[in-house]
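Below: one structure, written as structure tokens.
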Amino acid sequence: MDYLLGDLRRTHYSKDVNPDISGEEVLIMGWVHEIRDLGGIIFVIIRDRDGLVQITAPSKKVDASILDDLRALRKESVVAIKGTVQDAGKAPNGVEIIPAEVIILNPAKQPLPMDPTEKVKAEIDTRLNSRFLDLRKANVSSIFKIKANMFKTVRDYFYEQGMIEINTPKLVASATEGGTELFPITYFEKEAFLGQSPQLYKQMMMGAGFDKVFEIGQIFRAEEHDTLRHLNEAVSIDCEISFADDVDVMKVLDGMITAVLKSTKENCAKELEILEYDLSAIPEGPFPEVKYDDAVDIINSKGIDMEWGEDLSREAEKALGDTQEGFYFLTDWPSAIKPFYAMPYEDTPEISHAFDLMYKNLEISSGSTRVHQYDLLVKQMVERDLNPDGFGSYLKAFEYGMAPHAGWGVGADRLAMVLTGVENIRETVLFPRDRHRLTP
RNA sequence: GCCCUGGUGGUGUAGGGGCUAUCAUGUGGGCCUGUCGAGCCCGCGACUCGGGUUCAAAUCCCGGCCAGGGCGCCA
């Protein structure tokens, strides 16, 4: 037994051990998934990132010292095992490894805080408390493989569209962006906050002449919400495009979501199978549009009271979502319930060039044509009881040549819910931050 | 923040004023040469906290804390 890695290096992942390399010597590294000691033969299942592989140790073929080493293993210990690949019809994947050397790299304490093999399922709270163990499960890690593919697809899509990736500050001075609560922090001798959105910065980049930008980054909101679809720290996919309006950016969004749906089906078939989720049931774009006016009628026709001008209640969202197959745009919102930077229609200013992208009853994105005229922007702030003095550095960008522009932001974790079929947003975040959870 | 429900071994549960607190999984040990939710034998391990009612509370009552679900909040 040796606890140091030394010169040991993995030669194969579990997925690379197959009957084609029968007879080869391999060195695998991973976690002890299961041990089945039948006396004269011992089976040990080793798990790595990609799956499982069986170690088979018949007493006739393997030294007694190796059998002792295998018997000393405990579940979830980290091991390196050297051995010979053998074609075996009786083994799980038609292949097994006859061990020649067993090295425990790090033993796992017993009993475990939860069972990664899920013979007994643990509750979400228990799982999150031992998230590192929870993430060893294939159905949990699949969510994050799908999410990684989602981000890669989004980036590829944006770069193909000629967009420039940016990073904006998450430490901000303004507490006055709007209605959402911010997390206050101390910034040397000043008060500061964690950023709720890159909105103002990406708009300033339109004044900087970057034309098309996107950002994938964390956002922080100090709302005391307690639901399956809200977190206090989330990831937002934001884009902003100059010389474009709401219709243009809806097309970009439509294209991005469709690209993500396609690539998930193409690249993550194994993960979707592990999750037992049929993504092909979700229609790809172009997505239908429902005007706010019509949505109000639909909702009222379902027996739910809703006045024109109100935001949708949860009940209303559900009723409307039930009438839709999957993704749809909700357009032409009342200006009063949209933020100050949303552009009102010229002839009917009570309605704005603002849209949401919904997936059934879940809001995935919201966006709009933005107000690029300084005076109108100030007017809309005042109408919403915001003090323009608090927006000095933002407003300045609108005084010296601001391109007309439009954009949107997508809740990445919510989009991941749609791609994986999970119902709790906490499942789509490695270490979620909600009203009550700040660890791990 | 409001409403509902709950808190029993490491995990997941049954029970519901008094008896050795149920079962599964786990865990420690033993047996077993083809396991794959392995099997068999033996052992280990628990009633959220505080207060109250009672001869007696894990069980009933009150409060706290924590969790799950629903709603609200969510530029």
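To find a chain, count down the sequence lines: A is the first, B the second, and so on, and within it residues start at 1. As the structure is a prediction and not an experimental result, all values here were calculated from the model.
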Rounded off to whole Å, could you give me the [atom1]-to-[atom2] distance for the [X] and [N] pair?
X        : N      : atom1 : atom2 : result
A/Asp115 : B/rG12 : CG    : P     : 11 Å
A/Ile337 : B/rC74 : CD1   : P     : 11 Å
A/Glu223 : B/rC74 : CD    : P     : 6 Å
A/Ile35  : B/rU27 : CD1   : C1'   : 12 Å
A/Gln199 : B/rC74 : CD    : P     : 17 Å
A/Lys109 : B/rU11 : NZ    : P     : 13 Å
A/Leu312 : B/rG72 : CG    : C1'   : 15 Å
A/Asp68  : B/rG30 : CG    : C1'   : 15 Å

Point to revise | Residue pairs fulfilling salt bridge (Lys or Arg N to Asp or Glu O under 4.0 Å) with at least one residue in residues 42-56 of chain A, sequence neighbours excluded | key: A/Lys15-A/Asp50, A/Arg47-A/Glu76
Exercise for review: Among residues two or more places apart or on two chains, list those pairs meeting salt bridge (Lys or Arg N to Asp or Glu O under 4.0 Å) that have a residue in residues 24-37 of chain A.
Suggested key: A/Glu34-A/Arg36, A/Glu34-A/Lys119, A/Asp37-A/Arg71
Review point. In dot-bracket form, how is RNA chain B paired, counting a Watson-Crick or G-U wobble pair only if both its distances are under 3.5 Å and using | for bases paired to another strand?
Key: (((((((..(((.....[....)))((((((.......))))))...(((((..]....))))))))))))....
Exercise for review: Under the side chain to side chain donor-acceptor pair (under 3.5 Å) rule, collect the residues that match up with A/Thr56, sequence neighbours excluded.
Suggested key: A/Gln54, A/Glu96
Revision key, fill the gap. A/Tyr345 meets the side chain to side chain donor-acceptor pair (under 3.5 Å) criterion, sequence neighbours left out, with A/Asp332
My understanding is that only residues two or more places apart in sequence, or in another chain, count here; which of them pass salt bridge (charged side-chain N to carboxylate O under 4.0 Å, His left out) with [X]?
X        : value
A/Arg314 : A/Glu317
A/Glu383 : A/Lys379
A/Asp254 : none

Between [N] and [M], how far apart are the two [atom1] atoms, rounded to whole Å?
N      : M      : atom1 : answer
B/rG16 : B/rA46 : C1'   : 16 Å
B/rC61 : B/rU22 : C1'   : 27 Å
B/rC40 : B/rU35 : C1'   : 15 Å
B/rC65 : B/rA56 : C1'   : 27 Å
B/rC60 : B/rU5  : P     : 13 Å
B/rG72 : B/rA14 : C1'   : 36 Å
B/rC66 : B/rC47 : C1'   : 16 Å
B/rU59 : B/rC42 : P     : 33 Å

Check your understanding: Do we get A/Arg10 above A/Tyr13's six-membered ring, with its NZ or CZ under 6.0 Å from the centre and within 45° of the axis?
Key -> yes
**Study point:** Nearest-nucleotide 5' precedence on RNA chain B, A/Ala122 against A/Arg384
**Key:** A/Ala122
Point to revise | Along RNA chain B (nearest heavy atom to each residue), the more 5'-positioned of A/Arg435 and A/Ile41 | key: A/Arg435
Check your understanding: Does A/Arg74 put a side-chain nitrogen or oxygen below 4.0 Å from OP1 or OP2 of B/rG28?
Key -> yes
Review point. Is the shortest side-chain N to carboxylate O distance from A/Lys251 to A/Asp245 below 4.0 Å?
Key: no
Check your understanding: Taking 4.0 angstrom as the limit, do A/Lys137 and A/Glu118 come out as a salt bridge?
Key -> yes
Review point. Relative to each other, are the rings of A/Phe391 and A/Phe340 parallel, tilted or perpendicular (30° and 60° limits)?
Key: perpendicular
Check your understanding: How is A/Glu96 classified with respect to the nucleic acid when contacts are heavy atoms under 4.0 Å: base, sugar-phosphate, or nothing?
Key -> base
Check nucleotides 36-40 of chain B for protein N or O atoms closer than 3.5 Å to its own N or O atoms and list the pairs.
from   : atom 1 : to       : atom 2 : distance (Å)
B/rC36 : O4'    : A/Arg36  : NH1    : 3.2
B/rC36 : N4     : A/Lys90  : O      : 3.2
B/rA38 : OP1    : A/Glu34  : OE1    : 2.8
B/rA38 : OP1    : A/Lys119 : NZ     : 2.6
B/rA38 : OP2    : A/Glu34  : OE1    : 2.7
B/rA38 : OP2    : A/Glu34  : OE2    : 3.3
B/rA38 : OP2    : A/Arg36  : NE     : 3.0
B/rA38 : OP2    : A/Arg36  : NH2    : 2.3
B/rA38 : O5'    : A/Arg36  : NE     : 3.2
B/rA38 : N6     : A/Asp37  : O      : 3.3

Please output the side-chain donor-acceptor pairs of residues 398-411 of chain A that fall under 3.5 Å, not counting sequence neighbours, one pair per line with the distance.
from     : atom 1 : to       : atom 2 : distance (Å)
A/His405 : ND1    : A/Ala403 : O      : 2.8
A/His405 : NE2    : A/Gln203 : NE2    : 3.0
A/Trp408 : NE1    : A/Val249 : O      : 2.9

Review point. For the base of B/rU11, is there a side-chain donor-acceptor partner from A/Thr126 under 3.5 Å away?
Key: no
Cut-off 3.5 Å, no hydrogens considered: what does the side-chain donor-acceptor table look like for residues 57-65 of chain A, sequence neighbours left out?
from    : atom 1 : to      : atom 2 : distance (Å)
A/Ser59 : OG     : A/Gly40 : O      : 3.0
A/Lys61 : NZ     : A/Gln86 : OE1    : 3.2

Study note, to complete from the structure: Reading nucleotides 64-71 of chain B from 5' to 3' and marking B where a protein heavy atom lies under 4.0 Å of the base, S where only the sugar-phosphate is that close, and - otherwise, the string is ---SSSSB
